[in-house]
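Below you'll find the structure, written out as structure tokens, and then a few comments.
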Amino acid sequence: MTVFAPDSLELNRKLPLWYQVSQSLRASILGRPATAPLRLPTEEQLAAHYGVSVLTMRQALKELEIEGLITRHRRRGTFICPAVRPGGPVRLLGSVDTIVAQQSGEETTLLDHGPVPVPAELAEHFPGLGEVVRFLRLRRDRTTGEAANCAENLVRPEIADLFDPSALERWPMTKVLRDIAGVAVGRIANTVQARLADPPVARLLDVPLLSPILHITGVEYDERGRAVDVARIHYRGDRFSFAVSMDALPE
């Protein structure tokens with residue numbers, strides 16, 4: 001029987017391995033093509049794929065089982081649930097793969113793309129640039145078809161030239177920049193705000209004017225500290241919560 005092939009992962013030894021593996025596998029599952037097989041490789045095969053121990057792999061799989069993304073059957077194997085649970089919280093733990101995972105649960109439509117002047121409020125991120133390439137996307141829940149969020153990405157022109165815009169209908173921008181454009185993403189800085197939906201956002205998200213929304217501005221920096229992408233994402237307030245988890249450093 002054909003098995004599902006998850007994406008690869010570069011481990012960060014400063015973060016829990018099981019968490020990184022679970023989030024990477026989660027992103028692969030949520031972003032899989034409709035024709036992808038549902039059966040996962042064995043624990044041993046997955047552990048070898050990610051370069052972790054079988055115990056670490058079991059912990060990662062347990063997390064996905066609790067979330068309802070997979071089911072495990074004794075002597076039969078592990079399978080992806082055909083209908084995944086929608087609307088989980090946005091979780092940030094400092095891993096790029098976590099960012100990818102949180103963006104992979106919806107059906108994405110690329111509404112528009114092309115060069116635009118650098119907005120005055122974002123000029124500090126693009127010093128010396130007159131234009132950036134703007135990508136506007138609408139994400140819908142895969143199960144219900146409801147609008148979940150709309151995302152605007154402003155990308156340096158020389159980087160936007162490195163990928164086909166249609167890739168953004170399958171993968172989050174972070175993954176496209178890292179895995180297709182070859183950008184070494186060094187850091188992502190997110191700012192979270194509570195706002196009221198203005199007319200364009202209300203229309204895209206199909207909510208009443210002045211409805212509460214969660215607005216996230218995310219700036220992606222390369223390993224040299226240069227901003228390569230600024231994302232402005234509006235989440236429907238009735239569909240998302242925001243959680244931050246921080247581990248205390250030993251004294």
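Computed over heavy atoms, backbone and side chain alike; hydrogens, waters and symmetry mates excluded.
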Give, for atom [atom1] of [X] and atom [atom2] of [Y], the distance between the pair rounded to the nearest 0.5 Å.
{"X": "E152", "Y": "L204", "atom1": "CD", "atom2": "CG", "value": "10.5 Å"}
{"X": "R226", "Y": "I159", "atom1": "CZ", "atom2": "CD1", "value": "4.5 Å"}
{"X": "L138", "Y": "L205", "atom1": "CG", "atom2": "CG", "value": "7.0 Å"}
{"X": "K62", "Y": "L64", "atom1": "NZ", "atom2": "CG", "value": "12.5 Å"}
{"X": "L40", "Y": "F4", "atom1": "CG", "atom2": "CZ", "value": "7.0 Å"}
{"X": "E63", "Y": "L25", "atom1": "CD", "atom2": "CG", "value": "11.5 Å"}

**OP:** For residues 187-231, pull every pair meeting ring pair (Phe, Tyr, Trp, His ring centres under 6.0 Å), keeping only residues two or more places apart or in separate chains.
**Re:**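 For residues 187-231: H215-H234.
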
Determine whether [X] and [Y] fall in the same hydrophobic cluster, where Ile, Leu, Val, Met, Phe, Trp and Tyr are linked whenever their side-chain heavy atoms lie under 4.5 Å apart.
{"X": "Y50", "Y": "V54", "answer": "no"}
{"X": "M173", "Y": "F126", "answer": "no"}
{"X": "W171", "Y": "L177", "answer": "yes"}
{"X": "L214", "Y": "I233", "answer": "yes"}
{"X": "I180", "Y": "F135", "answer": "yes"}

Non-hydrogen atoms of [X] and [Y] that approach each other most closely:
{"X": "V118", "Y": "A123", "answer": "CG1-CA, 3.8 Å"}
{"X": "D7", "Y": "S28", "answer": "N-OG, 3.0 Å"}
{"X": "T42", "Y": "Q45", "answer": "N-OE1, 3.0 Å"}
{"X": "P157", "Y": "E131", "answer": "CG-O, 3.5 Å"}
{"X": "C81", "Y": "G68", "answer": "SG-O, 3.4 Å"}
{"X": "A197", "Y": "V207", "answer": "CB-CG2, 4.3 Å"}

Can you find a pair of side-chain heavy atoms, one from [X] and one from [Y], that are under 4.5 Å apart?
{"X": "L168", "Y": "T108", "result": "no"}
{"X": "V183", "Y": "R178", "result": "no"}
{"X": "N153", "Y": "R137", "result": "yes"}
{"X": "T174", "Y": "E220", "result": "yes"}
{"X": "H113", "Y": "L136", "result": "no"}
{"X": "L154", "Y": "H125", "result": "no"}
{"X": "L69", "Y": "I80", "result": "no"}
{"X": "L61", "Y": "R58", "result": "no"}

Original post:
Just wondering, are more than 12 heavy atoms of other shown residues or ligands nearer than 6.0 Å to CG in D206?
Top reply: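 Counting other residues, nucleotides and ligands, CG of D206 stays at 12 neighbours or fewer.
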
**OP:** Count the heavy atoms belonging to other residues, nucleotides or ligands that lie under 6.0 Å from CD of Q193, then report whether that count exceeds 12.
**Re:**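 Enclosed.
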
Subject >> Side-chain ion pair, R140 and E107, N-O less than 4.0 Å >> reply: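 Here R140 does not pair with E107 in a salt bridge, since their nearest N and O are not under 4.0 Å apart.
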
**OP:** Output, in order, the C-alpha distance, side-chain angles, deciding distance and verdict of side-chain contact (heavy atoms from CB on, under 4.5 Å) for V132 and V116.
**Re:** CA-CA 6 Å; V132 288; V116 296; 4.0 Å; yes

**OP:** Give a yes or no on whether the backbone of V21 and the side-chain of S24 come within a donor-acceptor separation of less than 3.5 Å.
**Re:**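 No: the side chain of S24 does not pair with the backbone of V21.
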
**OP:** State whether the side chain of R156 and the backbone N or O of A227 hold a donor-acceptor pair below 3.5 Å, judged by distance alone.
**Re:**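 Checking the backbone N and O of A227 against the side chain of R156, a donor-acceptor pair under 3.5 Å is found.
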
**OP:** Step by step, work out the side-chain contact (heavy atoms from CB on, under 4.5 Å) result for L55 and W18.
**Re:** CA-CA 9 Å; L55 288 177; W18 69 267; over 6 Å; no

Original post:
What do the steps show when you test Q20 against L17 for side-chain contact (heavy atoms from CB on, under 4.5 Å), and what is the final call?
Top reply: CA-CA 5 Å; Q20 295 179 70; L17 298 182; 3.9 Å; yes

